[in-house]
Each structure stands twice: as structure tokens, then as C-alpha cells.
Amino acid sequence: MAKRIAVKKKGTKKKATKKKVAKKKATKKKATKKKATKMAFISPSNTCCLSTLIKPH
Amino acid sequence: MPSLKFFDRPFIEKSMPLSRYCKIYHLPEDPKKVRLFSTLTTAAADVAREVLQDIEKDNLSKKEKKTLTDLGFLVKSREAETRELLGYIDELNAENRMFTAIVVLNLDCNLGCTYCYEGKRKGKHYMSEDTADDFVAFIKSDALKNKDGVKLIFYGGEPLLSIDTIVRISKDIRSLAEEQGVAFGFTLITNGTLLTPQIVKKLKPLGLLSASITLDGPKKVHDAFRPFKSGRGSFDAIVRNVKNVHSLIDVHIGGNYTRDRHREFPRLLDYLLKNGLGPGKISSVEFDPVFQENKKFATPDFHDGCKSVNEPWLRNASVFLREEILSRGFLTQKIEPAVCAVEQRDMLVVNYDGTLYKCPGLVGRKKFRIGSVKSGTLDYHKTHRLGNWKNEKCLACAYLPVCFGGCRYMKLLQGGTMNGVNCRKEYLDKTLAQFVAQDIKYDL
């Protein structure tokens with residue numbers, strides 16, 4: 001398998017996977033929360049949003 | 001022991017399709033492999049080409065199937081995945097325990113930037129003490145319900161021209177947060193000219209966490225774009241302050257480039273490194289294009305702004321500058337799911353006069369006012385086109401998780417209305433593979 005699939009980046013686990021393990025789900029949800037806050041300031045180099053407008057000042 | 005119903009069985013046993021939100025990229029350096037990237041989980045894997053055929057034929061080993069499922073590349077069904085995406089933002093909003101407000105303290109500034117986004121809205125407009133108190137009352141009565149914390153982002157104009165208001169608000173909210181056992185902190189979006197160590201030492205005990213400061217390229221370029229009102233350059237004053245405060249708070253450097261000037265920005269990075277302001281001292285660096293405001297608000301003499309994220313030059317410029325930042329060891333934003341501010345329930349902008357908006361770009365546009373600190377918020381679902389991405393085309397688009405209909409403000413600038421989505425497919429088609437390669441190369 002190592003030859004056929006090389007994982008380069010694990011990313012965040014999918015919600016479907018989270019739901020299977022109750023305890024882990026809580027931890028993951030916390031991670032998502034943080035992300036939700038961060039999202040507002042995502043860069044236009046990724047997708048355009050508030051940072052474009054906020055950062056110039 | 002009762003047998004598992006079919007749909008309760010671990011779904012890796014079933015034939016599984018590729019996620020709708022999985023991009024497949026060719027790897028020129030290894031034609032026998034392709035790169036899979038999930039825009040939903042941000043996982044990436046390089047796989048042998050025959051793996052794709054084996055997915056179609058349901059011919060993967062159990063272990064391979066599990067690996068690809070865990071990473072989000074294989075899904076139970078594409079329809080179920082789409083249903084999950086439809087509830088994604090609602091779920092984020094339900095889980096979010098932090099209230100965030102961007103507080104426009106004034107529309108005044110000590111700089112005279114050529115491209116100022118405030119443009120014709122600028123003036124000696126300052127938040128009054130009464131409005132500041134009304135805002136604190138609003139936080140107390142409305143915003144803190146069922147929340148674990150409050151984050152304020154002081155903004156302007158230049159927020160440090162309103163230092164007394166920052167102190168007034170942050171003192172009150174800090175006490176309130178302590179009373180209610182919730183977290184509190186604030187950041188500054190500042191031009192950096194007034195961010196002295198004395199100011200930082202005064203604000204830090206009140207909750208100051210970080211400052212985002214703008215440097216628009218090396219000295220000569222920056223000073224041409226962002227002079228003091230007198231015409232004198234501001235670069236030296238800002239750099240001096242950054243040197244003096246980076247050990248006290250997190251400092252983020254931002255920069256705004258135009259098509260003509262973006263190639264000069266790497267010289268700023270070299271300058272920072274040479275002057276002891278490397279990655280250990282600067283928390284992150286990010287360069288963004290200057291967008292062109294419409295005629296009603298724009299600074300009259302500035303016409304070089306970018307009108308769409310899909311402008312061809314921006315593709316090369318954004319990949320180029322991100323590489324320059326990362327290759328020098330600085331941190332920058334990684335590729336992640338993105339949601340427009342208007343879709344985020346517990347985030348709003350408070351204007352200096354107490355009126356509320358969903359995004360700083362909308363401030364002053366009466367049609368998009370969503371209430372006031374005195375009267376609370378109105379329903380803005382229709383005016384702000386929430387859920388504009390819930391259509392067949394967007395739901396089938398692999399970029400949905402990093403777009404969700406794009407930026408409503410950009411849509412407004414382009415067409416004068418928020419109708420429809422701010423589609424960035426063209427841009428992401430040309431850039432995302434390279435951004436993903438950068439994230440892998442620099443381990444973001």
C-alpha cells in the first residue's frame with residue numbers, strides 16, 4: 001500500500017468519521033470551532049474574504 | 001447480539017465513490033501518480049494512477065479503502081455528502097462558542113493612503129462615549145448568551161486614534177467577561193504608526209493579544225502608497241514600532257499589492273529578515289491584492305484596484321507571493337474551508353455610530369445595515385443572500401468547501417447587487433494545485 005498511496009497531508013477528519021466515536025467527536029468539534037472563528041479572516045490567496053478589507057488599515 | 005442493519009455497518013465495507021470535493025491533480029514529476037486533495041478535509045495524498053481505476057471497480061484492499069475514507073477521499077454516497085454540506089454552515093454556527101465583533105472606532109486616519117478603502121467615507125467621525133457604552137450593553141444583553149468568549153477587533157480608520165475608547169470598552173467588557181466566567185481578548189488592525197511599546201503596555205493588561213500591521217512593500221514602494229497626511233513616508237516609523245513591540249504581542253504583517261507593484265514585495269521580506277524581524281518575531285505574513293471600491297466610495301484618484309479574484313494576473317501573483325513568504329520561513333494562511341463573514345451568525349461589525357453590519361466592506365451602505373447596538377439585530381437572511389450557494393451548480397462544484405458562494409462584498413462591487421454567487425472557479429482552477437503543493441512542501 002505504501003507504494004500506491006502516499007499520504008502527504010492528513011487534514012481534518014470527516015464528520016462521518018467523528019460521529020462514530022463519541023469521545024473523539026467532542027475533541028474534533030472543538031477543533032472545528034476554532035476554525036469557524038478563523039474562517040472570517042481567510043486570505044484571498046485562498047478565497048477572498050474579510051482579510052482583504054481589514055488588513056490594509 | 002442483534003445483527004447490524006445494513007446502514008449501520010461500517011461503510012468502508014461497501015463500494016464507495018470518490019468525494020465530490022476531491023480534486024485530482026497530475027504530478028508532472030511523476031506521471032505514474034496523481035495527487036488527490038480534499039477541499040473539505042484538506043487532506044492530500046499522492047496515489048498510483050491505477051488506484052483511481054480500482055476505486056471505480058471497487059478493487060481496493062480493505063486497508064487502502066480505509067485510508068482513503070479516513071482522509072475524506074471516499075464517501076458513503078455523493079448524495080449523502082451533499083446533504084452533509086448543506087448543513088455545514090448551520091453546524092459551524094451552532095458549535096461556535098465565540099462572539100466576535102469588529103469595532104469601527106472612527107473613520108479618521110493619520111495616513112493618506114492612495115487606495116484607502118474608506119475613501120469618501122473618511123472623516124472626523126468618532127465613536128462617542130455613549131455609543132461605546134451602548135455597545136458594551138449590547139454585548140451584555142445580546143451577544144454573550146450561550147457563549148464562552150468575546151473577541152473584539154478594533155478597526156477604523158486608525159483605531160489607535162481612539163485609544164480612550166479602546167480602554168473604555170475593553171475595561172468594561174473585561175469586567176463583564178470575568179463576572180460571567182468567559183474569555184475575552186482583542187486585536188488591533190492598525191497602520192502601526194502609533195503602536196508604541198507604551199501603548200502596547202497600556203492595552204495588554206486589558207486584553208490586547210495581537211496587532212495586524214500593514215507594510216505595502218519595501219520602503220520606497222510603501223511610502224508611495226501609505227504616506228502620512230503630510231506626505232512624509234511612514235515605513236520607518238512602522239518598522240521601528242514593530243521592532244519595539246514584537247516581544248510584547250503577536251505581530252502579523254499584511255501588505256496590499258497592485259498588479260504593477262507585487263514583484264517588489266519580496267524585497268520587503270528580505271528587509272525584515274535582514275533587520276531582525278524574521279519568522280520568530282513576526283507571527284505571520286500575508287499579502288493581498290488591493291480591490292477597487294466603486295465610484296461612490298473610492299478614493300477619486302485610485303483606479304489600479306483589482307475588480308475580480310478571477311483576473312488572470314492575480315493567479316500568478318498570489319502563488320508567487322505565497323511562495324516568497326513561505327520560502328523565507330514565514331507563516332501564512334493555509335488552505336482551509338472558508339465561509340463568508342455574512343454567513344457567520346456570531347460575528348458582526350459595529351460602526352462608530354452604533355449601527356451594525358456583517359462585513360467591514362458593507363459599512364456605510366444603508367441597505368446592508370442590520371440593526372444597531374441600541375435596537376439589536378434585524379433579520380438579514382434575504383438582504384445578504386445567505387445560502388446563495390445552495391444551488392445545483394455550487395453543490396456539485398469541487399471547490400464548494402473553500403468557497404461557499406464566495407465574498408458577498410466582491411459580488412456587490414462587481415454587479416452592484418449581491419444576487420448570485422461570487423464564483424472563483426476560474427481562479428482556483430489555476431491556483432489551488434500550486435497552493436496545495438506549497439502547503440505540503442512547507443508543512444503547513
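Computed over heavy atoms, backbone and side chain alike; hydrogens, waters and symmetry mates excluded. Note that the coordinates shown come from a computational prediction; the quantities given were computed from them, not determined experimentally. Order of the sequence lines sets the chain letters (A, B, ...), proteins ahead of strands, with each chain counted from 1.
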Short question: side chain of A:Lys9, backbone of B:Thr42 - any donor-acceptor pair under 3.5 Å?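 Yes; judged by distance alone, with no hydrogens or angles, the pair exists.
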Looking at B:Ala45, B:Ala48, B:Ala43, which makes the most heavy-atom pairs under 4.5 Å with chain A?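 It is B:Ala43.
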Between B:Leu314 and chain A, with a heavy-atom cut-off of 4.5 Å, which part of the residue counts as in contact: side chain, backbone, both or neither?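 B:Leu314 has no heavy atom closer than 4.5 Å to chain A.
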Taking side chain as everything from C-beta outward and backbone as N, CA, C, O, which of these in B:Asp443 sits under 4.5 Å from a heavy atom of chain A? Side chain, backbone, both or neither.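 The answer is neither part of B:Asp443.
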Just how far is it from atom NZ of A:Lys8 to atom CG of B:Leu36, taken to the nearest 0.5 Å?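 Answer rounded to 0.5 Å: 12.5 Å.
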Separation between CG of B:Leu60 and CD1 of A:Ile5, rounded to the nearest 0.5 Å: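 Reported value, rounded in 0.5 Å steps: 6.5 Å.
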Stepwise salt bridge (charged side-chain N to carboxylate O under 4.0 Å, His left out) check, B:Asp54 with A:Arg4: CA-CA 11 Å; B:Asp54 287 344; A:Arg4 285 184 19 123; 2.9 Å; yes
